[in-house]
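First up is the structure itself, then whatever we jot down about it.
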Amino acid sequence: AAVGIVDQQQNIREYYFGSVSRNRENPPDSHSLFEIGSITKTFTATCLAKMILDGELTLEDELESFLPQDKVTVPQWKGTSITLKHLATHSSGLPKKPQDSGQPLPSGYNPYDPYAAYTTIDVYDYLSSWCNLLFEPGTRYYYSNTGMGLVGHVLGLVDSSSYEEVLRREVLEPLGLNETRLFITDEQLPFLAPGHDENLDSVSNYSAQDIFQGAGFLKSSLHDMLIYLQNQMGLINSSLADAIALTHQIHFEVGQVTYDDREGTYDLSIGLGWHRDLLPEGYTFYSHGGRTNGYMAHMTFDPETRNGVVLLCNQSHAGAITRFGEDLLKALNKYGVSSVP
């Protein structure tokens, strides 16, 4: 595991635990690469916000206006269409993933890499023939990988390139995140911390074609994620400051919620990609987690105290890292970074 802590004075602490794998006894370091899973969604949302501010699209634009009408029919709810705002706030009514429908699994489907086989045509077919909205768009919250994946797909279409290209140009390069990639290079392979499941057995890395890339497939290092965290808290001035601020604005109110892996009741609101929790202790935390078959990650920060933490681990275990990240930030808010051993 790699853990990073930042406070408003820009004190930074880094901690490394365990070994990279059973066969490599050295601990990870600041340049070790981990899958960050659904934290990718906040990168996608930042890219969306940048293109909104540049006047290339709006949150009220309907999804169907960007997709080829001769290839796909986007589901509606009694005439209500899905907008980019619905997709970016998990209020579209789209199920989490195509596997939740009756659509036949695509050729070469691997349950241990569940998105890799889905082509653009497969997802278009899912939307057209197999996808039933769970509720009227804009009325409820339901977490959807399909929804945020479609945001990334639209960004590539608007740019006449690809999600990977837009993300690199609009977000990764301006922030100086040189170790963050959808697809790691041959030069980066020695830095990859291999993924492990709950039993510590080695597993393959996640991959995705086009549409699902924006939902959860970035690989990054603690070095880069600490830069990203400092940008989220306004501790680094960059050309993306306004776009980041837009992702923090609340665009959908969920209300009171409880979590299986945390105690108490939370008041949940959704920015673009980011989840904002008002905690029983009175703290306001923005956060996002990520979990793949062999990794888990979590980033959470308090915009008022400008304290934040990021955790990366190359073992996947349901729920564990989110609770730890939140508890760590509570302690940081209460005692300060100087108290962390």
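These numbers were taken from a predicted model, which means no experiment stands behind them. Just the heavy atoms: all of them, side chains too, but no hydrogens, waters or symmetry mates, feed the values below. Each residue takes its place number in the sequence, starting with 1.
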**Asked** Going hydrophobic residue to hydrophobic residue with side-chain gaps under 4.5 angstrom, can you get from Phe17 over to Val309?
**Response** yes
**Asked** Judged by modelled atom types alone, do His275 and Tyr141 share a side-chain donor-acceptor pair under 3.5 Å?
**Response** yes
**Asked** Charged N to carboxylate O under 4.0 angstrom, Glu304 versus Arg276?
**Response** no
**Item:** Donor-acceptor pair between Ser21 and Asn23 side chains, under 3.5 angstrom
**Value:** no
**Asked** Can you name the closest pair of heavy atoms from Trp77 and Leu133 and give their distance?
**Response** CZ3-O, 3.5 Å
**Prompt:** Parallel, tilted or perpendicular for Phe212 and Tyr118, by the 30°/60° rule?
**Reply:** perpendicular
**Message:** Testing the basics here: between Asp224 and Leu177, what is the closest heavy-atom pair and its distance to 0.1 Å?
**Reply:** OD2-C, 3.1 Å
Give every donor-acceptor pair under 3.5 Å between a side-chain atom in residues 45-62 and any protein atom, sequence neighbours left out.
| unit_1 | atom_1 | unit_2 | atom_2 | d |
| --- | --- | --- | --- | --- |
| Thr46 | OG1 | Thr42 | O | 2.8 |
| Lys50 | NZ | Asp54 | OD2 | 2.6 |
| Lys50 | NZ | Glu170 | OE1 | 3.1 |
| Thr58 | OG1 | Glu60 | N | 3.3 |
| Thr58 | OG1 | Asp61 | N | 3.3 |
| Thr58 | OG1 | Asp61 | OD1 | 3.0 |
| Asp61 | OD2 | Thr58 | N | 2.8 |

**Message:** Treating Ser38 as the side-chain partner and Lys41 as the backbone partner, does any N or O pair qualify as donor plus acceptor under 3.5 Å?
**Reply:** no
**Prompt:** Closest approach of Met233 and Gly308, non-hydrogen atoms and distance?
**Reply:** SD-N, 3.6 Å
**Request:** For the pair Tyr163 (side chain) and Gly156 (backbone), establish whether a donor and an acceptor sit closer than 3.5 Å, ignoring hydrogens and angles.
**Result:** no
**Prompt:** About how many Å separate OG1 of Thr180 and CZ of Arg168, when rounded to the nearest 0.5 Å?
**Reply:** 13.5 Å
**Request:** Report yes or no: do Leu87 and Tyr142 belong to one cluster of Ile/Leu/Val/Met/Phe/Trp/Tyr joined by side chain heavy-atom distances under 4.5 Å?
**Result:** no
**Item:** In one Ile/Leu/Val/Met/Phe/Trp/Tyr side-chain cluster, 4.5 Å: Leu189, Leu182
**Value:** yes
**Message:** Please tell me whether Phe43 and Tyr228 form a close aromatic pair, meaning their ring centres lie under 6.0 Å apart.
**Reply:** yes
**Atom pair CD (Gln99) and OH (Tyr109), whose distance is rounded to the nearest 0.5 Å** = 4.0 Å
**Prompt:** If you round to the nearest 0.5 Å, how far is OG1 of Thr40 from NZ of Lys219?
**Reply:** 8.0 Å
**Message:** Once rounded to the nearest 0.5 Å, what's the spacing between atom OG of Ser92 and atom NZ of Lys85?
**Reply:** 13.5 Å
**Request:** Group every Ile, Leu, Val, Met, Phe, Trp and Tyr by side-chain heavy-atom contacts under 4.5 Å, then state whether Phe183 and Leu167 land in the same group.
**Result:** yes
**Request:** Answer yes or no: is there a donor N or O on one side and an acceptor on the other, between the side chain of Thr146 and the main chain of Lys96, under 3.5 Å?
**Result:** yes
**Message:** Apply salt bridge (charged side-chain N to carboxylate O under 4.0 Å, His left out) to residues Glu198 and Arg291 and explain how you reach the verdict.
**Reply:** CA-CA 12 Å; Glu198 293 187 8; Arg291 184 187 178 209; 3.1 Å; yes
**Message:** I'd like to know if the side chain of Tyr283 pairs up with that of Asp277 as donor and acceptor (distance under 3.5 Å, no hydrogens or angles considered).
**Reply:** no
**Prompt:** So, Ser128 side chain and Thr73 main chain: donor-acceptor pair closer than 3.5 Å or not?
**Reply:** yes
**Prompt:** Taking the six-membered ring where the residue is Trp, are the ring centres of Phe191 and His223 under 6.0 Å apart?
**Reply:** no
**Complete:** Nearest heavy-atom contact between Asn199 and Gln315 is N-NE2, 4.5 Å
**Message:** Using the side-chain contact (heavy atoms from CB on, under 4.5 Å) criterion, which residues pair with Glu14? Sequence neighbours excluded.
**Reply:** Ile12, Tyr16, Ser30, Leu222, Leu226
**Request:** Mind checking the OG-CD1 spacing from Ser220 to Ile227? Nearest 0.5 Å is all I need.
**Result:** 9.0 Å
**Request:** Spell out, yes or no, whether Leu127 and Phe135 are grouped together once hydrophobic residues are joined by side-chain heavy atoms under 4.5 Å, including indirect joins.
**Result:** no
**Prompt:** So, are Glu326 and Lys330 salt-bridged, with charged N and O less than 4.0 Å apart?
**Reply:** yes
**Asked** Mind checking whether Trp274 and His248 have parallel, tilted or perpendicular rings, split at 30° and 60°?
**Response** perpendicular
**Request:** Heavy atoms only: give me the nearest His251-Gln249 pair and the separation to one decimal.
**Result:** CD2-O, 2.9 Å
**Asked** Between atom CG of Leu218 and atom CD1 of Ile36, what is the distance when rounded to the nearest 0.5 Å?
**Response** 5.0 Å
